[in-house]
Amino acid sequence: MAKFNPFIRNVPVYEDVSKEKFLQEIYPKRIPALLRGVDIGPCTHLWTLSYLCEKGTSEPVKIHVSTENDMDFINKNYAYRTLPFDELVTRCAEDIHQDFFFDEKEKYYLRALGTDNRKDPANLSTEFPQLAKDVKFPEFFNEEQFFSSVLRIGSPHLRLWTHYDIMDNVLMQIKGTKHVILFSPQDANKLYLKGDKSMILNVEDPDLEKFPLFAMAHQHHCTLNPGDILFIPAMWFHNVVAEDFSVSVNVFWKHLSPELYDPKDPYGNKDPIPASQALQGLRRALKLLEKLPAEYKDFYGRRMVMEIEEKAYLDKG
């Protein structure tokens, strides 16, 4: 029998979730939830390889290409390349490639972009209209809250870096199986962050000598099969591994007041405006502390931490 690990938990599973059940019972808890039995349209059985190639067209798409399974956003162990959409789908379904950029076993990842990726959020209906009609979004938010719908296609065994998003979203698994590990926002200080990304790539086999605090971070595990939906609340970190050829769609919505979001953020990953301003203020304050001798800097740094804990933390303990 496997040894119980108090730091690993299973994401709760809910069956046949209605809009009312989600909004009244699940959403207010602000924790991830795996939803099964929700109608996401005929995409789960229609989206075969040949169908995706036919309906997705041969338009070029910008993709990530990596020779490693664990894709690293911080150290950029991948390159951006462009492929026709149908060729991308074909390559993603292969283990060994006849045509490749760097290596016959290289991995591919598409995170669909908006029409103008400098200003337009991704929208499945705009970029892939023939595929969009096969997908039904769950009615978990009001139409005016909608921000983006992102088509994601990836190679088998590809792991994406641990990160958080600033908006609530659902991850709808359409083809293949994904394993997802999530971490609470309250474990942010154990994840060794650079911006919104963690420096720890393989969270299932971490280097605890280099990242000792990670051993105390609570992991929330789930496996997504075709037709499953994972609700990921804003600021929950997630690490995703595709066990095989994978196709999914993310739907993001603005759950805060619209004025709190940066209007020049097509990816939806910039911190809310007050949070961004607060972080900038903190960095200015830390620069001021550099003018003091080490013992004074240490003392006033601790005072700053105490005030942050008192005024900002949900858990004052």
Side-chain angles (χ1 to χ4, degrees), residues 27 30 32 59-64 71-76 78-82 109-129 132 135 137-138 140-154 160-172 180 182-188 191-199 229-240 248-284 312:
Y27 193 61
R30 306 299 300 161
E59 290 297 313
V61 288
K62 188 175 182 180
I63 59 172
H64 301 70
M71 203 169 278
D72 184 351
F73 184 90
I74 295 174
N75 295 304
K76 300 292 189 295
Y78 57 83
Y80 292 109
R81 291 293 185 269
T82 300
Y109 171 57
L110 167 70
R111 188 268 190 216
L113 304 174
T115 304
D116 183 340
N117 59 25
R118 294 169 296 180
K119 63 180 183 180
D120 297 329
N123 189 319
L124 186 68
S125 295
T126 303
E127 287 91 50
F128 301 95
V135 183
F137 297 161
F140 295 159
F141 54 92
N142 295 326
E143 185 177 349
E144 64 270 17
Q145 293 177 282
F146 173 82
F147 177 73
S148 66
S149 50
V150 183
L151 178 66
R152 300 181 189 272
I153 300 179
L160 295 184
W161 52 84
T162 306
H163 69 284
Y164 69 88
D165 299 298
I166 64 160
M167 297 182 194
D168 289 346
N169 75 92
V170 289
L171 174 60
M172 307 163 60
V180 185
L182 304 105
F183 303 87
S184 165
Q186 294 184 349
D187 275 337
L191 298 181
Y192 298 86
L193 301 180
K194 281 195 173 182
D196 63 339
K197 314 292 192 299
S198 171
M199 296 172 62
I229 296 176
L230 177 61
F231 167 54
I232 307 177
M235 300 179 296
W236 272 79
F237 297 87
H238 42 287
N239 180 282
V240 182
S248 57
V249 173
N250 264 125
V251 182
F252 294 86
W253 67 91
K254 296 180 178 181
H255 65 291
L256 301 176
S257 298
E259 67 271 11
L260 296 179
Y261 297 100
D262 189 329
K264 298 180 179 180
D265 180 17
Y267 292 93
N269 59 7
K270 291 186 178 181
D271 291 310
I273 292 173
S276 180
Q277 292 172 340
L279 288 169
Q280 291 172 10
L282 174 61
R283 294 180 188 117
R284 288 193 293 267

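If you read the sequence from its start, that first residue is 1, and numbering goes on from there.
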K.L.:
If every non-hydrogen atom of Tyr267 is compared with every non-hydrogen atom of Arg111, which pair is closest and at what distance?
P.N.:
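Closest heavy-atom pair between Tyr267 and Arg111: O-NH2, 3.6 Å.
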
K.L.:
For the CG atom of Asn169 and the CG atom of Leu230, what is their distance to the nearest 0.5 Å?
P.N.:
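It is 8.0 Å, given to the nearest 0.5 Å.
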
K.L.:
Distance check, rounded to the nearest 0.5 Å: Ser198 atom OG versus Tyr192 atom OH?
P.N.:
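Atom-to-atom, Ser198:OG and Tyr192:OH are 9.5 Å apart.
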
K.L.:
Would His255 and Phe141 count as a side chain to side chain contact (heavy atoms under 4.5 Å, CB included) here? Give the steps.
P.N.:
CA-CA 8 Å; His255 65 291; Phe141 54 92; over 6 Å; no

K.L.:
Show every salt bridge (Lys or Arg N to Asp or Glu O under 4.0 Å) that has at least one partner inside residues 260-273, sequence neighbours left out.
P.N.:
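Found Asp262-Lys270.
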
K.L.:
Calculate, to the nearest 0.5 Å, the distance between atoms CH2 and CG belonging to Trp236 and Asp165 respectively.
P.N.:
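If I round to the nearest 0.5 Å, the distance is 14.0 Å.
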
K.L.:
Mind running salt bridge (Lys or Arg N to Asp or Glu O under 4.0 Å) on Asp72 and Lys197 for me, showing each step along the way?
P.N.:
CA-CA 9 Å; Asp72 184 351; Lys197 314 292 192 299; over 6 Å; no

K.L.:
Got a sec, which pairs hit side chain to side chain donor-acceptor pair (under 3.5 Å) with one end in residues 143-152, sequence neighbours left out?
P.N.:
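Passing the test, one end in residues 143-152: Tyr109-Arg152, Arg152-Asn250.
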
K.L.:
How long is the span from the CZ atom in Phe252 to the CE atom in Met167, to the nearest 0.5 Å?
P.N.:
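So the CZ of Phe252 and the CE of Met167 are separated by 8.5 Å.
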
K.L.:
Determine whether the aromatic ring centres of His238 and Tyr164 lie less than 6.0 Å apart.
P.N.:
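Distance test on ring centres: not under 6.0 Å, no.
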
K.L.:
To check you understand the geometry: which heavy-atom pair defines the closest contact between Phe237 and Ser184, and what is its length?
P.N.:
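Between these two residues, the closest heavy atoms are CD1-O, 4.0 Å.
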
K.L.:
For the residue pair Val249 and Leu151, establish whether any side-chain heavy-atom pair is separated by less than 4.5 Å.
P.N.:
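The answer is yes; the side chains approach within 4.5 Å.
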
K.L.:
Can you tell me how far apart CD (Glu59) and CD (Glu127) are? Round to the nearest 0.5 Å.
P.N.:
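One gets 11.5 Å once the value is rounded to the nearest 0.5 Å.
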
K.L.:
Taking CE in Met235 as the centre, count heavy atoms belonging to other residues, nucleotides or ligands within less than 6.0 Å. Is the count above 12?
P.N.:
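Atom CE in Met235 is not crowded, with 12 or fewer foreign heavy atoms closer than 6.0 Å.
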
K.L.:
Return yes when atom NZ of Lys76 has more than 12 non-hydrogen atoms of other residues, nucleotides or ligands closer than 6.0 Å, and no otherwise.
P.N.:
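Above 12, so yes.
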
K.L.:
Indicate yes or no for a side-chain donor-acceptor contact from Ser248 to the backbone of Leu171 under 3.5 Å, with no hydrogens or angles considered.
P.N.:
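No.
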
K.L.:
Determine, step by step, whether Phe73 and His163 satisfy the side chain to side chain contact (heavy atoms under 4.5 Å, CB included) criterion, reporting the C-alpha distance in whole Å, the side-chain angles of both residues, the deciding distance to 0.1 Å, and the verdict.
P.N.:
CA-CA 10 Å; Phe73 184 90; His163 69 284; over 6 Å; no

K.L.:
Distance from Lys62 atom NZ to Leu110 atom CG, nearest 0.5 Å?
P.N.:
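The NZ atom of Lys62 sits 12.0 Å away from the CG atom of Leu110.
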
K.L.:
Between Ala122 and Ala112, which heavy-atom pair has the shortest distance, and what is it?
P.N.:
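What the structure gives for the nearest pair is CB-O, 3.5 Å.
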
K.L.:
I'd like to know if the side chain of Asp168 and the backbone of Ala234 have a donor-acceptor N/O pair within less than 3.5 Å.
P.N.:
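Yes, because the side chain of Asp168 sits within donor-acceptor range (under 3.5 Å) of the backbone of Ala234.
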
K.L.:
Go through Tyr261 and Phe147 one step at a time and tell me if the side chain to side chain contact (heavy atoms under 4.5 Å, CB included) criterion holds.
P.N.:
CA-CA 11 Å; Tyr261 297 100; Phe147 177 73; over 6 Å; no

K.L.:
Show the nearest heavy-atom pair for residues Val135 and Met172, with the distance to one decimal.
P.N.:
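For Val135 versus Met172, the nearest heavy atoms are CG1-CE, 3.7 Å.
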
K.L.:
Between Pro266 and Asn117, is there a side-chain heavy-atom distance shorter than 4.5 Å?
P.N.:
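Of all side-chain heavy-atom pairs linking Pro266 with Asn117, none is under 4.5 Å.
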
K.L.:
Who are the side chain to side chain donor-acceptor pair (under 3.5 Å) partners of Asp187, not counting sequence neighbours?
P.N.:
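Result, side chain to side chain donor-acceptor pair (under 3.5 Å) vs Asp187: Lys190.
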
K.L.:
Using side chain to side chain contact (heavy atoms under 4.5 Å, CB included), reason through Trp253 and Val170 one step at a time and then give a plain yes or no.
P.N.:
CA-CA 9 Å; Trp253 67 91; Val170 289; 4.0 Å; yes

